[in-house]
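Comments concern the structure below.
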Amino acid sequence: MSRAVMNAAKAIAIATALLALSGCASIVGDVRPFEQVQPVAQTPAVQVPAAAAPTAGDGGGSIFANAQAGGGTGQRGMRLFQDSKARELGDLLTIVLIENTRAKTNAKTAVTKDAGVGLAAPTIFGRNVTYNGNPILQAEIEGTRDFAGAGDSAQSNQLAGNITVTVVEQLGNGNLRVAGEKRVRLNQGDELVQVQGIVRIADIGPDNRITSDRVGEARIVYGGRGTLARSNAMGWLGRFFNSAAFPY
């Protein structure tokens with residue numbers, strides 16, 4: 001293979017790598033949402049025989065006869081013994097975000113080791129072994145090793161707000177799987193808030209609200225997309241020099 005062909009191959013490889021890095025850089029800084037949870041179809045309820053149920057509009061001898069069918073309006077019927085908490089597939093539930101986490105780590109390590117070996121000048125036949133008056137068999141060895149390391153890390157995160165989610169699955173034990181997101185489009189980008197998790201019906205308040213600290217298996221995402229989000233991200237060259245691939 002000629003040198004020109006090899007240089008061309010190297011140029012193509014470098015250009016391909018740069019294009020790949022530039023492609024990755026185009027999305028660096030954008031929030032990465034979780035996969036959306038699709039509603040799970042529930043087992044249909046047992047149908048009541050038509051003869052046993054009053055027909056809509058005839059009263060059926062009770063003022064609540066139309067409650068089961070929602071009064072013919074297509075809406076949920078009247079609940080005589082239940083509140084308005086979310087519990088059915090598709091119901092809405094408001095989650096109050098009160099996330100506040102703090103973490104701090106402090107570590108210190110110190111190691112010291114001293115070693116010494118001394119060999120006095122020996123005597124032969126009662127006389128020291130010397131050369132020009134200096135002992136030649138006397139020796140001393142000393143060694144010292146010191147190591148000191150310290151590390152300190154602190155992190156604090158806070159997230160507050162409200163987001164309304166949808167019931168996507170009834171787990172059958174009084175728990176509900178919920179998921180939802182809120183997108184706000186601003187001048188220079190989009191803001192995304194996404195919440196997924198499992199809630200207990202008993203934890204839902206009378207105003208159909210629940211705090212985020214009572215959401216099990218919670219997955220919460222908050223971030224932005226667009227020019228403002230990407231302007232706060234490090235470029236691909238800077239990421240290379242700060243990666244494990246850079247040896248220095």
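Positions are given from 1 along the sequence. In this text the structure is predicted, and so the values were computed from the model without any measurement.
Side-chain contact between V193 and V184: absent, with no pair of heavy atoms (C-beta onward) separated by less than 4.5 Å. Residues R177 and L171 meet the side-chain proximity criterion, which asks for heavy atoms closer than 4.5 Å. Looking at V111 and D146, their side chains never come closer than 4.5 Å, going by heavy atoms from C-beta outward. In this structure, V178 and I95 have side chains that are in contact, with non-hydrogen atoms separated by less than 4.5 Å. Put simply, the side chain of Q155 reaches to within 4.5 Å of the side chain of N157, judged on heavy atoms. Side-chain contact between N106 and K104 is absent, with no heavy-atom pair separated by less than 4.5 Å. The closest side-chain heavy-atom distance from Y222 to L192 is not below 4.5 Å.
Under a 4.0 Å N-O distance rule, the pair D190/R183 does not qualify as a salt bridge.
To the nearest 0.5 Å, atoms OG1 (T94) and CG (N162) are separated by 7.0 Å. A distance of 4.5 Å separates CG in N100 from CD in Q158, rounded to the nearest 0.5 Å. To the nearest 0.5 Å, atoms CD (E191) and CZ (R185) are separated by 12.0 Å. Taken from CD1 in I163 to NZ in K182, the straight-line distance is 6.0 Å, to the nearest 0.5 Å. A distance of 10.0 Å separates CD of E217 from CG of N175, quoted to the nearest 0.5 Å. Between D114 atom CG and R145 atom CZ the span is 10.0 Å, to the nearest 0.5 Å.
For the side chain to side chain contact (heavy atoms under 4.5 Å, CB included) test with L93, the passing option among V199, T164, T166, L176 is V199; the others fail.
The closest donor-acceptor contact from the side chain of S212 to the backbone of I98 lies under 3.5 Å. Distance alone, capped at 3.5 Å, is enough to place a donor-acceptor pair between the K85 side chain and the I204 backbone. In this structure, the side chain of Q170 engages the main chain of R87 through a donor-acceptor pair within 3.5 Å.
Of all the heavy atoms in V215 and T211, the pair that sits closest is CG2-O, 3.8 Å.
V168 is not connected to I201 by any chain of hydrophobic side-chain contacts under 4.5 Å among Ile, Leu, Val, Met, Phe, Trp and Tyr, and they are in different clusters.
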Run the numbers on E99 and I220 for side chain to side chain contact (heavy atoms under 4.5 Å, CB included), then give the verdict.
-> CA-CA 10 Å; E99 297 299 315; I220 303 175; 3.8 Å; yes

